[in-house]
There are 2 protein chains.
Amino acid sequence: MGNFSYRAWFQPVGGFFAARALEAGGSFFFAEEECARGLRLYEREDLQVSFAINEALPSEGFEIKGAAGGVKIEGGCESGLLYGTYALLSRIGRGEGTVGWSFSQKPAVSMRVLNHWDNGDGSVERGYSGNSLFWRDGKIGYDLPRLRDYARLLASVGINQISVNNVNVRLLTAKLLTDEGLVDLAKVAEVFRPFGIRLIIAVHFDSPVWLGGLETSDPACEKVATFWRETVARVYKKIPDLAGFLVKADSEFQSGPNAFGHTQDIGANVIARALAPHGGTLYWRCFIYNCMQDWRDTKTDRPMAAYDTFFPLDGKFDDNVILQVKHGPSDFQVREPNSPLLGAMKHTREALEFQISQEYTGQQKDLYAWAVQWEEILDAPFDENRATRELIGREVKAVIAVANTGDDENWCGHLLAQANLFAFGRMAWNPAITAREVTEEWATLTFGRFTAEAESGFEKTLENPATVSSVTKMILDSRHVYEKYNAPLGICWMVYVHHHYGPSPDGYEYTPWGTYHRADHVAIGVDRTRNGTGYTAQYQPFVRDLYENIDTCPQELLLYFHRLAYDFRLKDGRTLIQYIYDTHFEGVEGVEKFIATWESLKPDLPADAYESVRERLAQQLKNALEWRDVINSYFYRKSGIADEKGRMIYT
Amino acid sequence: MGNFSYRAWFQPVGGFFAARALEAGGSFFFAEEECARGLRLYEREDLQVSFAINEALPSEGFEIKGAAGGVKIEGGCESGLLYGTYALLSRIGRGEGTVGWSFSQKPAVSMRVLNHWDNGDGSVERGYSGNSLFWRDGKIGYDLPRLRDYARLLASVGINQISVNNVNVRLLTAKLLTDEGLVDLAKVAEVFRPFGIRLIIAVHFDSPVWLGGLETSDPACEKVATFWRETVARVYKKIPDLAGFLVKADSEFQSGPNAFGHTQDIGANVIARALAPHGGTLYWRCFIYNCMQDWRDTKTDRPMAAYDTFFPLDGKFDDNVILQVKHGPSDFQVREPNSPLLGAMKHTREALEFQISQEYTGQQKDLYAWAVQWEEILDAPFDENRATRELIGREVKAVIAVANTGDDENWCGHLLAQANLFAFGRMAWNPAITAREVTEEWATLTFGRFTAEAESGFEKTLENPATVSSVTKMILDSRHVYEKYNAPLGICWMVYVHHHYGPSPDGYEYTPWGTYHRADHVAIGVDRTRNGTGYTAQYQPFVRDLYENIDTCPQELLLYFHRLAYDFRLKDGRTLIQYIYDTHFEGVEGVEKFIATWESLKPDLPADAYESVRERLAQQLKNALEWRDVINSYFYRKSGIADEKGRMIYT
């Protein structure tokens, strides 16, 4: 225990950080201790660092000044000192000097949250990195040194809230609210507290029945309100700094206020009012849709569901409710427009939810850069004046993501998938940072100092810039490479039902999940304009018009909004079908390039890191070939239109 | 325990038969006791029945003579007396007199076998009737009175061998061969022995490694041969009348001789030679194919696999090996031709394997008469001189089926699915019996005597002949009704992968299972003639020519053997696509008729039986509607050809 050899930023082989016990606990001195530890890691014990709280700075903000005599870190609070410390270490870790360096930062948003979808039995829903870091055999059960290392990873990129149980709450994790569960959870809180990370509990809407012995969970029932008040009071006695609760209600067979004939605000507010006196936040997920749809029904359009459900309730939610909105209206697909609900509610606080776990984007077998997609999402217009990025810190009060971590030695299954966890924290802190910047940062911290000769040590200067730039390029390219061999132009969902890996073009076509492309021998897609389901009307007028019009709709979203014939001409003159064939061949070529790049880096990489990624890339190539051939065959069989370039398409 | 209210032939509500202990044990007196019990059931205690062994009769055969003074049953052995007894009870149970009745029978084949696919944890693979009757929590564990009732059900239709563990042997059931396992199994053998039923053990090919501590299971290794010899000797000490072993080797990830570079005969013979001195039979399954096929590969044709594997080995198997051949070359699909391997091997003993469990035929939610399909299979020509039926008792030495039973109160999940278990036993005994005869027998024994007024008692005469004939008609119609709404004309496999219920037309299309229809916008099917994969050449010349030629190929198998355009004209002038639309609308109408029929029978049926079947029929209607609409939409989308009758096809 505690003798890990995982490899991650700030986590050299051998578990340097993990070796020492951590007793300071949430004090001023903790930043100092973290700093000293980091400087030892980089053999910079000579550097003098002083710390001071400066209440004039924003909370969690910091200011660093480097001079010949040393570095001074000022923080708006203790967490600010810690973030300043990690910023300093990151600079040193990337081989930069500190003399004459001056730097100040504050987070764009005060809630930077990770949701773990960990089950009580130790499994992780949509987890591709081993088992839970928090749960074993039905109870909280963790490896303390490893959990501290995890806390450090999260804090070092600015994450300050986490939930440790799945939003699909089942009985085992529902019991977190019992006295026994709280004793266990309080121990987890203790581990994360010095790192400035507070806990959230995912709770079941039916807790009043499951745990309170009541006959109903009806939020309008006074006994239910009393249950929540008493329960929350009990919780806060054990964990006074708890960030709040998280609820997935009326969604995918989970209970909720609808079951009792109430709207969402009624369900949320009864819990929020119990949390309010303790300063707790209620995160209320907006992932609500009809998951028992009849595929024959062409009027119901699943992407419209969240907006239809929540927008009419604007202003009805209590102040400490945050509506947690997935970035897109579908479900973390490789390509979808932004959710029209984001920023739409002027009198309701919202959170933007990402998924770091690669549920539909290669499951950490395939390389996939979420940062690139997130940048696109943030760049996308909210209206004629603002990019979506500018909602953050205003309408959007929290940035949240589903974690991609587990007890695999490299945390994320795929070593390079760490870049996604890193990027999430950095982009939640600073949405203006680019995917390139954040990926370079990660690649430098992780691979920048290794050489084949000095695997276990750390060099003072960046000895292998080519490795860093190659790895960065691979990662940055990976989102579009993956998209190329996946379902085309925003079609989504061409995966195997339930497990969500590998191509099954009609897999979701006749299911109750509301996920249809309705491809026939002539055309594919659902018309979501005013002539079709009318979904576009949910957007701000500027964006609505953009998507509504086939000429202004971004090409990559064409099939999300429009039904098009296979011989439809794209702007570059290619037909839609030819575009599909071309991109699918290119996708495979992209993976082949990754492999060639990676193999060329072998001399510069530690052997274990090289091998583990090489193995994943080989799996990815197999997957990409399968996607290419299945998708191409599917469309060829449907359309009968041959590839203009005469490449192999299986009949 | 023992206080069942299940309803089945010879098993009135209240568990009459189950109430008394069974001690006689395999003796002459057992038939007498069974007879007395049965006569009490029918309130015919007045009937004088005498018993005598007559060694001039065939083993298991019997002769019954009824006169005014009573009935005389002679049997070729004790089992013959028992079968005679059940034949007498069946006659009485169907309201027939016995005076002047004379009747003799012998089974067409001496091995009439049921394979249970029961797992050690109590689950049943492809079981749709609750949990195992034999296994609980990793060990043999049963309800004794119930198991006796089960033995009676099986013996009453002539089944004389059963295996009680899954052919996919896992560690729990592999342990049947240990001393501890054998003690448990010997107890099961005791229950079944008086009913003339012997046990078979499904064994794992790697038992020498799993249980014997050897480093290999290589059948050419002398230590492995010794392991099998010693193990079999140990087994026969505990269960001296064991019928033999059953092995699924080199199939769907199970180990086998191929793994050691040997052909199937080498693997089979080493075990068979261990069994031979004890009179044991080795059942060796022929369900071998490449389950990791590349869908792009159009040369490999899964239906050819069993013949290709086994035919060249004709004559190489020891005499006590029986090759267990599934009736069709695919996998118990709703429509497939007979396996070309059946009867092809002149120097090798074969078994014909059916499936009573409705894996691909409605999973006991949908009504499905296997008897009708089995009759078609037996009617189908083996060559120009013989129907397949005539192989039985000649090339085919055993008739075997996968059971459809479990611990559901009505044994089979769907009450009417009992007719399939009944029919299997009766048709294995006498392959010349028609589906109509056997179904009427079952319906009369099960429903013939009930009236709404006297639910718990038994009437002396058939009071509701209309009910019996309506139920019989429903069951007889059900095979073709199901086929109509399923995949058309022998296409097979249009089901959800793995769980095998509900329509997923492309579900298996890009999988590694070797199950492809390759539908495009013009045509569907795989050409299996000499112009295609060449599969037809595996048949006897007469049958080969029949299937080879599109004009002589039976219409219902057209798409099994030929690739046809959607506008291909069938003999009645309809296009293929129109036939698909028509049959799918008719299939739903068929289910609607079942419901109307069943509802009309309500006054004549016990309430519990009525309700349980009505509920299943409602599920079936939902399933049929789903099949109809998905299949029709699938083909409409592919072909763009409209229904001539303008009915609703969803686009």
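Just so we're clear, the structure is a prediction, and the values are computed from it rather than from any experiment. Lettering of chains follows the sequences in order, A, B, ..., and the numbering in each one begins at 1.
- Looking at A:Glu626, the atoms closer than 4.5 Å to chain B (heavy atoms on both sides) sit in the backbone and in the side chain alike.
- Interface residue B:Pro505: only side-chain heavy atoms are found under 4.5 Å from chain A.
- Within 6.0 Å of the CD atom in B:Glu615, the count of heavy atoms belonging to other residues, nucleotides or ligands does not exceed 12.
- Residues A:Trp295 and B:Val630 meet the side-chain proximity criterion, which asks for heavy atoms closer than 4.5 Å.
- Heavy-atom minimum distance, A:Arg296 versus B:Leu625: NH2-O, 3.3 Å.
- Interface remark: A:Tyr496 contributes side-chain atoms only to the contact with chain B (heavy atom separation under 4.5 Å).
- Within the 4.5 Å cutoff, side-chain heavy atoms of A:Tyr634 are placed close to those of B:Asp506.
- In this structure, chain B has heavy atoms under 4.5 Å from both the backbone and the side chain of A:Asp629.
- In this structure, chain B has no heavy atom under 4.5 Å from any part of A:Thr298.
- Dense packing is recorded around CZ of A:Arg647, with more than 12 heavy atoms of other residues, nucleotides or ligands lying under 6.0 Å away.
- Within the 4.5 Å cutoff, the side chain of A:His498 has no heavy atoms near those of the B:His498 side chain.
- Atom CE of B:Met648 is surrounded by more than 12 heavy atoms from other residues, nucleotides or ligands within 6.0 Å.
- Contact record, A:Lys638 with B:His521: O-CB, 3.3 Å, taken as the closest heavy-atom pair.
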